[in-house]
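Below: the structure, in structure tokens.
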Amino acid sequence: MGEEKVQAVLQWLIKARNDLRSAQRLFTANPPLLDTAAYHCQQAAEKALKGYLTLHESPFRKNHLLAPLLAECEAYDSGFGALAEAGEALTPFATTFRYPGDVLEPEQADVAEAIQLAAAVFSFVLERLPEEVSRGVPTCPD
């Protein structure tokens, strides 16, 4: 694999990892910033999936819907189907709490679950990357 492609995939995964770390830190802040933490969970999953699609040189649409991204990933690895529920749970966090509305922030338990789901998506993608890419992604120390 060419160095340019390795770097392109790596950039997506580093951004995903940073979103996951941000979610974890915002969740444990005093007081917790639940709305922003939830948003970063969705972003972590989205960017990890886009990194996987970049690996396969598969173009993707610029939107925040995880189901179409998962379907595209599933074309390369049927195991991505197991992430459908995670995608469904995380997708609303891309927009639901970003602006004032009926509910300003999610429940703490929902964000805790979102962090676990985003971490699972991130790990799932990382396990499917060639070593030359995955060794360049720093792990989440939190």
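Just so we're clear, the structure is a prediction, and the values are computed from it rather than from any experiment.
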Response to the item:
Applying ring pair (Phe, Tyr, Trp, His ring centres under 6.0 Å) to F80 and not counting sequence neighbours gives Y52, F124
[X] and [Y]: same hydrophobic cluster, using ILVMFWY side-chain contacts below 4.5 Å?
| X | Y | value |
| --- | --- | --- |
| V103 | F93 | yes |
| Y76 | V6 | yes |
| L83 | L13 | yes |

Discussion item. If you count every heavy atom of other residues, nucleotides or ligands that lies below 6.0 Å from E132 atom CD, does the total exceed 12?
Written reply: yes
Discussion item. For E3, is the CD atom crowded, meaning more than 12 foreign heavy atoms sit under 6.0 Å from it?
Written reply: yes
Could you check whether any side-chain heavy atom of [X] comes within less than 4.5 Å of a side-chain heavy atom of [Y], counting everything from C-beta outward?
| X | Y | value |
| --- | --- | --- |
| L104 | D35 | no |
| F27 | Q108 | yes |
| E57 | K5 | yes |
| V9 | L129 | yes |
| L49 | W12 | no |
| E74 | L70 | no |

Discussion item. If the condition is side-chain contact (heavy atoms from CB on, under 4.5 Å), which residues does I14 pass it with, not counting sequence neighbours?
Written reply: L10, R17, N18, P138
Within this structure, what is the [atom1]-[atom2] distance for the pair [X] and [Y], rounded to the nearest 0.5 Å?
| X | Y | atom1 | atom2 | answer |
| --- | --- | --- | --- | --- |
| T36 | R98 | OG1 | CZ | 10.5 Å |
| N63 | T95 | CG | OG1 | 11.0 Å |
| E46 | C41 | CD | SG | 13.0 Å |
| R128 | D77 | CZ | CG | 5.0 Å |
| T28 | L33 | OG1 | CG | 9.5 Å |
| C73 | L55 | SG | CG | 10.0 Å |

Discussion item. Between Q7 and E4, is there a side-chain donor-acceptor contact under 3.5 Å, judged purely by atom types and distance?
Written reply: no
Specify the closest pair of heavy atoms between [X] and [Y], including all atoms of both residues, with the distance to one decimal.
| X | Y | result |
| --- | --- | --- |
| V125 | A48 | CG1-O, 3.5 Å |
| L34 | P106 | CD1-O, 3.5 Å |
| L90 | Q42 | O-CG, 3.2 Å |
| A37 | V111 | CB-CG1, 3.8 Å |
| E72 | S58 | OE1-OG, 3.9 Å |
| L117 | A89 | CD1-CB, 3.7 Å |

Worksheet item: Is a side-chain N or O of T91 found less than 3.5 angstrom from the main chain of L66, in a donor-acceptor match?
Response: yes
Practice prompt. Go through the steps to decide whether T54 and F60 satisfy the test side chain to side chain contact (heavy atoms under 4.5 Å, CB included), and finish with yes or no.
Written response: CA-CA 9 Å; T54 299; F60 46 83; 3.7 Å; yes
